[in-house]
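As the structure lists them, so they are numbered: ligands from 1, and atoms in each ligand from 1. Every heavy atom of this structure was used, including side-chain atoms; hydrogens, water molecules and symmetry mates were not.
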Amino acid sequence: MGNDLIQITSTADTPQEQVGAGLRPAPTGSCEKAVTFFIETFGCAMNVHDSEKVAGTLVARGYRAVDSHAEADLILYNTCSIREKAAGKVFSYLGTLKKAFRNNPKIIGVLGCVAQQEGEAIFERAPQVSLVCGSASYTRLPDLLEEIEHGNRRVMGLDLDTDECFETELTRRDNPFRAYLTIVEGCDQRCAFCVVPYTRGPERSRPSDKILDECRRLAGEGYGEIQLLGQIVNAWKDPSSARLTFAELLGRVAEIPGVRRVRFTTSHPRYFTPDIVEAIDSHPALCEQVHLPVQSGSSAVLARMLRGYTREQYLEKIDCIRRARRAISISTDIIVGFCGETQEDFEQTMSLLDAVQYDQVFSFKYSPRPNTAAGSIEDSVPEEVKAARLAALQERQRQIQIGTNQALVGQVFEVLAESFQPRLGQVVGRTSSNRIVNFPGTPGEVGQYLTVRATSAGPNSLVGEKL
Ligand code: 5AD
């Protein structure tokens with residue numbers, strides 16, 4: 001598998017495509033003006049982290065990060081195509097960009113899932129784009145950039161059949177407290193609704209020794225919180241001879257001196273085993289939080305979605321989490337209006353909300369995606385029905401969260417202060433269970449772990465006071 005499928009095309013043979021000179025980054029330490037770049041990121045935490053790695057790669061080549069499109073010579077969009085709306089956004093942004101910088105053309109790249117999905121067609125739809133690169137080809141970025149630097153204006157990296165991970169120490173992390181760390185890339189599940197296997201390629205796990213080395217380095221750099229990432233994080237399989245299980249890996253990361261919080265996202269119910277709950281119970285640094293997307297409460301719909309579990313099997317996993325000694329919060333993703341979803345199926349999803357009492361739910365209307373198994377089936381639930389179901393589900397969940405959050409009033413939490421809102425004089429912090437807590441404080445407290453008592457609660461956050 002691998003490199004032979006990488007396409008690096010250099011079709012900049014017409015004068016129109018040779019827009020001025022190529023980008024020429026200044027050698028590090030030189031006083032030449034550096035080429036500037038700005039990355040705009042859409043979508044999931046994996047995309048956010050990919051952008052951090054891309055930014056690191058660019059900086060190492062002598063490029064300089066800036067804070068706006070206007071200041072940038074090179075603008076990169078790291079895109080999401082999970083739902084049609086997200087994918088469409090990119091083209092409207094590209095149009096706006098073209099108008100805004102008509103007299104001062106920029107070099108523009110499209111990265112990530114839309115790049116992979118649309119491929120060369122992007123150059124037709126948006127001729128101002130010079131670089132199209134899917135996430136499975138990021139290891140090729142230095143080569144692709146070199147092409148651009150030489151003035152080529154149509155450069156592509158669209159290899160999907162890869163066994164490589166985008167491993168780089170050049171990452172430029174944006175969050176000073178929480179370090180994202182990819183442990184498994186791609187996805188082999190092929191859920192009927194999901195475009196990810198077609199945009200991120202096959203599942204590739206990183207070896208435990210490399211992951212642990214990187215965690216130690218991050219802890220040494222002062223990151224108290226580490227968030228392990230994977231499209232299906234608990235499908236991680238140790239390719240090294242240590243053969244750690246996912247739960248063992250969690251335990252090892254949690255034991256690293258300096259690591260105070262470990263989160264992991266996203267777990268698939270199919271691979272969610274009791275040893276993960278045992279690990280959380282026995283390692284205080286493992287956060288009291290599990291994100292376990294269910295997608296639907298109806299076994300019939302789950303079967304059509306090719307999720308690999310029934311409602312009952314999912315509820316057994318929930319029971320296992322609820323039996324833990326620690327109060328583990330549970331969040332989920334739900335799709336309403338999947339092909340053929342009846343009112344009865346939907347009622348089952350509503351009753352699942354009551355049964356589980358989730359702490360947070362991310363809910364979406366089904367959106368057919370290209371290449372997927374369901375993409376070729378009729379999108380049979382009318383838009384108005386999808387909208388009504390989504391609204392009903394969100395209202396039911398709001399009521400549940402008011403209840404669960406209110407039950408926490410009076411309790412005391414360790415809160416990581418993450419930001420300060422000067423207008424309100426409030427610190428915004430987060431509990432181990434991923435709840436947001438607002439409380440009076442000072443900007444100097446940002447980055448500290450504080451003890452806070454919840455004094456009141458809304459559906460989405462708590463209000464507290466420091467002890
Ligand atoms: N339509 C709507 N929602 C989707 N998701 C994934 N694919 C689709 C789709 N085609 C949702 C799922 C997933 C989350 C990241 O996005 O709930 O867990």
Side-chain angles (χ1 to χ4, degrees), residues 41-50 78-89 112-114 116-118 135 180 182 184-200 227 229-235 263-272 289-298 301-302 304-309 311 314 317 330-341 345-346 349 352-353 356 358 360-383 385-391 393-394 397:
T41 307
F42 302 87
C44 62
M46 301 252 337
N47 263 11
V48 171
H49 186 38
D50 283 344
N78 190 1
T79 60
C80 169
S81 67
I82 196 88
R83 285 167 291 277
E84 191 177 357
K85 215 163 137 191
K89 235 191 237 172
C113 294
V114 173
Q116 191 65 48
Q117 189 179 291
E118 302 288 324
S135 70
Y180 288 132
T182 311
V184 47
E185 292 192 3
C187 182
D188 288 343
Q189 289 301 304
R190 292 190 161 57
C191 299
F193 53 81
C194 189
V195 80
V196 167
Y198 313 96
T199 58
R200 285 189 165 270
Q227 184 158 342
L229 297 179
Q231 289 299 328
I232 299 187
V233 73
N234 57 334
R263 301 185 193 276
F264 51 97
T265 191
T266 290
S267 298
H268 192 296
R270 200 162 160 181
Y271 306 100
F272 196 85
Q289 180 210 357
V290 171
H291 183 60
L292 202 61
V294 66
Q295 312 298 359
S296 168
S298 152
V301 173
L302 289 171
R304 286 206 305 283
M305 286 177 163
L306 307 176
R307 288 291 287 174
Y309 55 85
R311 172 192 175 99
Y314 180 86
K317 313 268 174 183
I330 307 176
S331 53
T332 201
D333 293 347
I334 290 177
I335 297 176
V336 297
F338 184 66
C339 320
E341 183 189 75
D345 290 322
F346 174 66
T349 300
L352 188 87
L353 294 188
V356 178
Y358 289 108
Q360 205 177 4
V361 171
F362 301 88
S363 48
F364 314 97
K365 290 184 277 185
Y366 172 61
S367 160
R369 305 311 296 129
N371 303 317
T372 59
S376 53
I377 304 172
E378 191 199 353
D379 178 19
S380 58
V381 178
E383 178 57 31
V385 175
K386 284 182 189 170
R389 287 181 186 169
L390 187 70
L393 181 135
Q394 290 179 342
Q397 181 56 27

Is the Lys NZ or Arg CZ of Arg83 less than 6.0 Å from the centre of Phe364's six-membered ring, within 45° of the axis?
yes
Heteroatom distance test (Tyr366, ligand 1): nitrogen or oxygen, under 3.5 angstrom
no
Note the single closest protein heavy atom to atom 2 (C) of ligand 1, along with its residue, its atom name and the distance in Å.
Lys365 O, 3.3 Å
Suppose we measure from atom 18 (O) of ligand 1 to each protein heavy atom; which comes out shortest, and what is that distance?
Asp333 OD2, 2.6 Å
Is it the side chain (CB and beyond), the backbone, both or neither of Phe364 that lies under 4.0 Å from ligand 1, heavy atoms counted?
side chain
With heavy atoms and a 4.0 Å threshold, my read on which part of Ile82 contacts ligand 1 is both
In ligand 1, which numbered atoms sit nearer than 4.0 Å to a non-hydrogen atom of Arg369?
10 (N)
among protein heavy atoms, the one nearest atom 16 (O) of ligand 1 is Arg83 NH1, 2.9 Å
Do Arg307 and Gln189 get their side chains close enough for a donor-acceptor pair, meaning under 3.5 Å?
no
Angle class for the Tyr314/Tyr358 ring planes (parallel below 30°, perpendicular above 60°, tilted otherwise)?
tilted
Residue, atom and distance of the protein heavy atom nearest atom 10 (N) of ligand 1 read Ser367 O, 2.7 Å
Are side-chain N/O atoms of Ser331 and His291 paired as donor and acceptor at under 3.5 Å?
yes
Looking at atom 7 (N) of ligand 1, what's its closest protein heavy atom, distance included?
Phe193 CD1, 3.3 Å
Return yes or no for this condition: an N or O of Gln295 is under 3.5 Å from an N or O of ligand 1.
yes
Testing the 3.5 Å rule here: is there a donor-acceptor pair between the side chains of Gln289 and Arg263?
yes
Gln394 side chain to Ser363 side chain, donor-acceptor N/O pair below 3.5 angstrom:
yes
Do Glu84 and Ser367 meet the criterion of a side-chain donor-acceptor pair at a distance under 3.5 Å?
no
